[in-house]
There are 2 protein chains.
Amino acid sequence: MPDLLTIGELSARSGVAPSALRYYERLGLIRADRTGGNQRRYARAELRRVAFIRISQQVGVSLDEIRAALDSLPEARTPSPQDWARLSASWRSRLDERIRLLAKLRDDLDGCIGCGCLSLQRCALNNPEDTLAGEGPGARLVLPQPADAPTPAGPFNCRPTPAGV
Amino acid sequence: MPDLLTIGELSARSGVAPSALRYYERLGLIRADRTGGNQRRYARAELRRVAFIRISQQVGVSLDEIRAALDSLPEARTPSPQDWARLSASWRSRLDERIRLLAKLRDDLDGCIGCGCLSLQRCALNNPEDTLAGEGPGARLVLPQPADAPTPAGPFNCRPTPAGV
DNA sequence: CTGTGAGTTGAAGTGCACTTCAACTTAAGG
DNA sequence: CCTTAAGTTGAAGTGCACTTCAACTCACAG
């Protein structure tokens, strides 16, 4: 009746490699029962957790934060629709922000492509609020902008640099 | 008269750490002249290259691809505004696609939050075209979906899983 | 009962984009 | 000339999200 899934089945149904599932388990993102012979058996509810993990990654959330979010689920009972809705909603503003910054970048790029300043200079870069914080899903590779960096004096400016450089 | 920049100056004006600038040079993204004492001296035009690199990263392009793009600049002359505009424009569709997928993800999330299916299942994940390809700027961490993966039979479906799981 | 495909483990490797380090040299002001 | 901040190098380290590997065990159809 519990209808447990093997790691291969969970992998097939979720599209996540078995090695990744084991990795998620090590990090405490999902859990599995074991057979007498020590093989993993997943409750169907884990499928939902895996789905949530992958969605969250698309939103740009790190596994560590996802773990924290999942930890906030009730332990006693199987999470309800509302529980999942709450978690999903918690990413909403991040997603909005990410979209907003990308849209701004696109507009800046468009503006710059047309103008004499050539693009890139003050338009998209000279704008401190414009740092796409917490962008990348994985390594925090995208312009981490340490925040303690004193916003470089005059990073770039539009003046076409007399020599036309 | 060429008014060359030291690595510290370029770093300050671009907001990019000296170590990163050296790294970019190793990868062939930027170049520097040397003083008699072997110190780097950057032409002002390099500022523009660095700006382009950072913008491109925000768009989600890898350094390797950025290098390829920069390689397409004319070697003979200092790149013109049009040259830069062409490069910038080449990221445009990527940016559009990224924004489109994130917006779709947001809508799916919203839809799911309201509906009984709980979120996440068929809505956002069960959609093969929806993989945010080439998302992350750094490591290709985000659902690389090997393309040879046969789109898992029925990865997730909305049926609330009778038990209410 | 046996063969085979699927599963187990810990340790090490991968890829990207950097950063850190030690040991040393250069550039520039006083 | 001397000091000192800033620069140089190659090698190694970091963080994330995994993957790969070898050596072994388990589950189950025939």
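The model shown is predicted, which means the values in this text are computed figures rather than measured ones. In the text below, chain A, chain B and the rest are named by the order of the sequence lines, each starting its count at 1.
- B:Asp96 and B:Ser93 share no donor-acceptor pair across their side chains, judged by distance under 3.5 Å alone.
- Of the charged side-chain nitrogens involved, at least one lies within less than 4.0 Å of a carboxylate oxygen, so that A:Arg100 and A:Glu97 count as a salt-bridged pair.
- Proximity note for A:Gln39 (side chain, C-beta onward) versus D:dA27, C:dT9, C:dT19: the nearest is D:dA27.
- Look at CD1 on A:Ile66: it is 14 Å from C1' on D:dC18, rounded to the nearest Å.
- Each of B:Pro18 and A:Ile53 lies near DNA chain D, and the nucleotide nearest B:Pro18 is the one positioned closer to the 5' end.
- Contact between the side-chain N/O atoms of A:Tyr24 and the OP1/OP2 oxygens of D:dC18 is found at a separation under 4.0 Å.
- Residue A:Leu63 contributes atom CG, which lies 9 Å from atom C1' of D:dC18 at whole-angstrom precision.
- Following rounding to the nearest Å, A:Ile30 (CD1) and D:dC18 (P) show an atom-to-atom distance of 11 Å.
- Between the P atom of D:dC16 and the CG atom of A:Asp64 lies a distance of 7 Å, rounded to the nearest Å.
- Between A:Ile7 and B:Tyr23, it is A:Ile7 whose nearest contact on DNA chain C lies nearer the 5' terminus.
- Between D:dC16 and A:Arg67, no contact under 4.0 Å exists linking OP1 or OP2 to a side-chain N or O.
- Distance from the side chain of A:Ser19 is smallest to D:dT19 among C:dT20, C:dT8, D:dT19.
- Counting to the nearest Å, the P atom of C:dC18 and the CG atom of B:Leu27 are 9 Å from each other.
- Rounded to whole Å, atom P of D:dA23 lies 20 Å from atom CG of A:Asn38.
- Residue A:Ala20 places its side chain closer to D:dC18 than to any other of D:dC18, D:dT8, C:dT19.
- Considering only the side chain of A:Arg22, C:dT8 comes nearest among C:dT8, D:dA27, C:dA17.
- Ring geometry for A:Phe52 against A:Trp84 counts as tilted: the plane angle lies between 30° and 60°, on a 0 to 90° scale.
- In terms of phosphate contacts, A:Arg34 brings a side-chain nitrogen or oxygen within less than 4.0 Å of OP1 or OP2 of C:dT9.
- Among the atoms of the strands shown, only primed sugar atoms or phosphate atoms (P, OP1, OP2) are found under 4.0 Å from some heavy atom of B:Arg40.
- Regarding B:Glu25, its CD atom lies at a distance of 11 Å from the C1' atom of D:dT8, rounded to whole Å.
- Residue B:Thr6 has no polar side-chain atom (N or O) positioned under 4.0 Å from OP1 or OP2 of C:dA27.
- Using modelled atom types, one side-chain atom of A:Asp83 and one backbone atom of A:Ser80 make a donor-acceptor pair closer than 3.5 Å.
- For the pair A:Gln57 (side chain) and A:Leu63 (backbone), a donor-acceptor distance under 3.5 Å is absent.
- When distances run from any side-chain atom of A:Arg41 to the nucleotides D:dT9, D:dA27, D:dC18, the shortest one goes to D:dA27.
- Phosphate proximity of D:dA27 to A:Thr35: present, with a side-chain N or O under 4.0 Å from OP1 or OP2.
- Test A:Arg40, A:Arg31, A:Arg67 against A:Glu25 for salt bridge (charged side-chain N to carboxylate O under 4.0 Å, His left out) and you get one pass: A:Arg40.
- Taking atom CG of B:Leu21 as the reference point, atom C1' of D:dT9 lies 16 Å away to the nearest angstrom.
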